[in-house]
Every structure is written in C-alpha cells, then in structure tokens.
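Accompanying notes for the structure given below.
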Protein chains: 2
Amino acid sequence: MNIADQTFPAVDSANEDRAQAIRDQLRDAIVDRRLAPGTKLSEGEVGTLFDVSRTVARAALQMLSFEGLVRTERNRGAFVANPSPEEARQVFASRRLIEPGIAIAAAGRMTPAHVVAFKAQLDEEGRFIAERGPSARRSEIKASGDFHLLLASVAGNVILQRFMEELVARSSLVIALYGRSGVSSCGHSEHMNILEALESGNAERASALMLHHIDHIEADLDLRVRSGPALRQALEF
Amino acid sequence: MNIADQTFPAVDSANEDRAQAIRDQLRDAIVDRRLAPGTKLSEGEVGTLFDVSRTVARAALQMLSFEGLVRTERNRGAFVANPSPEEARQVFASRRLIEPGIAIAAAGRMTPAHVVAFKAQLDEEGRFIAERGPSARRSEIKASGDFHLLLASVAGNVILQRFMEELVARSSLVIALYGRSGVSSCGHSEHMNILEALESGNAERASALMLHHIDHIEADLDLRVRSGPALRQALEF
DNA sequence: ACAGAAAAGATTGCATACGATTTTTGCGAC
DNA sequence: GTCGCAAAAATCGTATGCAATCTTTTCTGT
C-alpha cells in the first residue's frame, strides 16, 4: 500500500471550490493569529476581500464554524472563536485521548520517506525558532502544529486526520488566548524525541512521549478565568 | 422518496435555523436507512420537499457533507455517502481509539440521573428488538446508536461528543452496506454489561467491554470488496 | 441498426435582490 | 453631560435568476 500518495493532494485547486480556498486562507490567518479571537468576520467584508459574492463567503464561514474556529450567531454574524477555559480543557482532553493512539498507528507505518519528511519539518521548525520577528513567530506556531498533522497523516486514518486538523487549529486559538510563554522552544525538542521513538519503531515510547508533550503544552496555559468570563464576554470585539 | 412527509409536528424550529432542521431530518433518514447509500439528493428536490429555497437546502447538504454522511461532487450534486471498505475500517479504528476513553470519562461522572437515562434508553432498545416490522428495525438501529451518544454526552466533552455523533452516524451507513446480520440483538446485552460496569464505577471494565463491543460490531461486517470496487464505483447511483 | 454528434433538458455554482433583524446614529429631554 | 428613544445604516437570512456544466435525448451518416 502506498504511503506518500496522500501527502499532498495533487488535485488542481484552481478547479476546486472557491469557498474552500477562502476557508483555507481564513483558517491559516486564524491559526497563526493574524486574526485575533473575537474578530468579526462579516460576510460582506470577506466577500469583497476575496472578490466573491456573499454566497460563497458565507459558505466558507459556515465551514469554519463547523471546525469550531468560528462562532456564528444568528442575525449577528461570524466571529473568530473565543474558546472558554472549559473548551480549552476539552480540546486538550481530546488530544490526550487521540494523539497517543495516532502515534502508535504512525509508528507502525513509518517509512524512510516519512522520516525524511519529518526531518524537514523539524528543521523548518527549528529555523523559525531561531529567527526573530512576529512573522517568524507566526510561522513557528504553524510549523509546530504541522508536526502533529504530519504525524496524523502518517497514521493513515483520514477520519482521525480530520479530527486532528480541527484539534490542532483549535489548540492554536487556545494557546493564543491562554498561552503563557512561547511554548514552542521546549516543544521542539519533544518533537525530536518523538520522531526518534517513531524512527526506531518504539510505538509505546512514542505514545508516552506524545502524552507528556500534550501535558506540557497544556501546563503552559493559564486557564484561570481572568477577571470573570462575563467581563471578557462583555468586552469582546 | 418520502422523507419530510412523515412529519414531526413542526416543533419549535421556527426560531431555529431551518437548514439545521433539514439536516437533522435528512441525517435521521440516512442513519436509519430510509435513504440508501448512493441516493442522489438534489438541491431542488430537497428544497421543494421541505418547502425552502435551494439556498437553504444547499446549506443543509453542505453540513451533511462535512459530517461525511453525504458526498458532493462538483457540478454533479450530493449523494448519500457510499463508504468504501477502507473507510469502514477507519471508522471503526477511530471508534476503537476514542470510545474506550469516553467510557472511562463517563464512568467517573455517572450520576443517578444518568443511570435512569441509560435504563430508559436500554428499555427502548429492547422494546424495538422485540417488535417486528421495518419501522421497529429502523428505530432499533437508531436506538443502538443513541446508547453510544448518550455515553458520549455523559463523558462531558462537547468536542468528543461531536466526533462521536459523526462516527456513530457513519457506522450506521457502514453497517447498512456491509452488515451481515442484525448485529443489534447481541449488541443489546453488551450495552447492558457496559452500563453495569459504569454503574459500579468500574471504569477499566467499562472501557474493556466497550472495546470488545466495537470489535464485535466490526466482526459482523463483511468488508471484502464485492466484485471489485471499480465495478461498484462504476455502477453506483 | 448502430455509433457518434448535436441539441434539449436538468442541475449546479454563483451573484444579486429584498425583507427582517440588529446596530449605530441623531436628537431631544432631563 | 447623559439617558432614552426613534430613524438610519449596516448586516443577515432567504428567494430567485442566469450562466456554466452535466445528462439525456434526438438526429444523422455509414
């Protein structure tokens, strides 16, 4: 069975749905924090921005709302999601449940080609950490998430892969809201350790390392309700 | 096809989103097999059937396509999903990964009220099994899935709950396509055993029973490619 | 009679229009 | 100055129209 056949969907995205393209761009913008949580995404604005009608802009926003990255309120519009501490906990609880299993599955399917892909991924991750500036920081955030997505793609379960896409994206939002430090610098070495375990086929070790990794990421969050959630809700804009 | 005509008395959906209501009805119809896999769901037809414009019918179909219950092809339309054996395996692999963990989480959160709800659920399940006729069989299928959804709701993680909704719905499709027997009769006693374990707070046992339960369901499937997948694909409609 | 081409019909993709709802603005009273 | 309320503007929900694409039927030549 082929492994790399799914790495990059060779489907001509030009012919693909335009709404999907807009969704992807918006998602990237949300994930690497060019769009702050709570930002309003009006259909008209999105439409003119991407030069499409409201119909297709609306479709893109609907997709994002399914992924939990956008919250829509009837007759009020769409906003970049503003996950509560409780939601944040649930995101990480879900990851703790799923990702160790994904690591195990991936360990059993690693090929040299995968190792090469991971190495490139980690190289890029390290490069962005070394760089300075907000742009590098954004790329670093994205690269850190991409490690987990790469792992999910290696695991070879499309359904779980999609779940992970959602969880990673939401994690990015959560970290943006409740993150204390850069988190990623320590995450990088953990990623490397996980890859080592995967490379040596040590599924159990990869799984355990992944669990700890997730714990570490969550431990870096400050999930105490800050000055009451009502205030935050009230001030949201 | 008559989906909408078996009217549930309108409910309060006036204030709710109409697209969502249509999605729910279509989903029910797919899950309990009033709509066979591969059936075409044209926007116009759905629209007239539910007495809405194509715009909102389209939105409902888009939602179902996100859940994996409907597959849309550009310029061709929407069809009730026709999961391949590989997809079927992935659905169950995902459930094996997630549901034991959900059982553990639920075991730690069971309240007397939950037990009552479960008992009622299992009663209903048993009642439909005893009855005869296609209508009872459909209700039985739905009730069987509802047990797992109830468990997910007790676990208290909204994200995982939504994942489970998708997985249960897709399982129903898979069973419709590849199921050998009724599966549910044996499933019922396993559900009861799981509830027992949950009631006694034995999380590990509940988790193990759940894993076996999923294995049993999958074991009842015949996932051999029948007369080649190409043929099935070619003839599908 | 059959294969292939052309036309007719059906269906989707997308834009736009209009009523409904929400938000903002303007203005007068306190 | 600020509070309340009504009008105006903005935004959303939905229906409908048109062009593009796909499917089916009809027609024609061999």
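Chain A is the first sequence line, chain B the second, and so forth, proteins listed ahead of strands; every chain is numbered from 1.
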Find the distance [X]:[atom1] to [N]:[atom2] and express it as a whole number of Å.
{"X": "B/R18", "N": "C/dA20", "atom1": "CZ", "atom2": "P", "value": "13 Å"}
{"X": "B/R54", "N": "D/dG17", "atom1": "CZ", "atom2": "P", "value": "12 Å"}
{"X": "B/R58", "N": "D/dG13", "atom1": "CZ", "atom2": "C1'", "value": "16 Å"}
{"X": "A/D17", "N": "D/dA20", "atom1": "CG", "atom2": "P", "value": "17 Å"}
{"X": "A/R74", "N": "D/dG13", "atom1": "CZ", "atom2": "P", "value": "6 Å"}
{"X": "A/E43", "N": "C/dT22", "atom1": "CD", "atom2": "P", "value": "15 Å"}
{"X": "A/Q62", "N": "D/dT14", "atom1": "CD", "atom2": "C1'", "value": "14 Å"}
{"X": "A/Q20", "N": "C/dG13", "atom1": "CD", "atom2": "P", "value": "12 Å"}

>> Closer than 3.5 angstrom, by distance alone: can the side chain of B/T39 be matched with the main-chain N or O of B/A36 as a donor-acceptor pair?
In response: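 Side chain of B/T39 to backbone of B/A36, a donor-acceptor pair under 3.5 Å: yes, one is there.
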> To the side chain of A/S53, which of C/dT21, C/dC14, D/dA15 is closest?
Replying inline: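 Comparing C/dT21, C/dC14, D/dA15 against the side chain of A/S53, the answer is C/dC14.
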> Side chain of A/K40: nearest nucleotide among C/dG13, D/dC22, D/dC12?
Replying inline: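 The nucleotide sitting nearest to the side chain is D/dC12.
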>> In the structure I gave you, are the side-chain heavy atoms of A/V174 and A/E87 within less than 4.5 Å of one another anywhere?
In response: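 Of all side-chain heavy-atom pairs linking A/E87 with A/V174, none is under 4.5 Å.
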> Any idea which heavy atoms bring A/I102 and A/A152 closest together, and the distance?
Replying inline: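 Closest pair (atom of A/I102, atom of A/A152, distance): CG2-CA, 3.8 Å.
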> Would you call A/E131 and A/R127 a salt bridge, taking side-chain N to carboxylate O under 4.0 Å as the test?
Replying inline: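 Looking at A/E131 and A/R127, the cut-off is not met.
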> Is there a side-chain polar atom (N or O) of A/T55 under 4.0 Å from OP1 or OP2 of C/dC14?
Replying inline: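 For C/dC14, neither OP1 nor OP2 has a side-chain N or O of A/T55 closer than 4.0 Å.
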> DNA chain C: A/A19 or A/N75, which has the more 5' nearest nucleotide?
Replying inline: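 Result of the comparison: A/A19.
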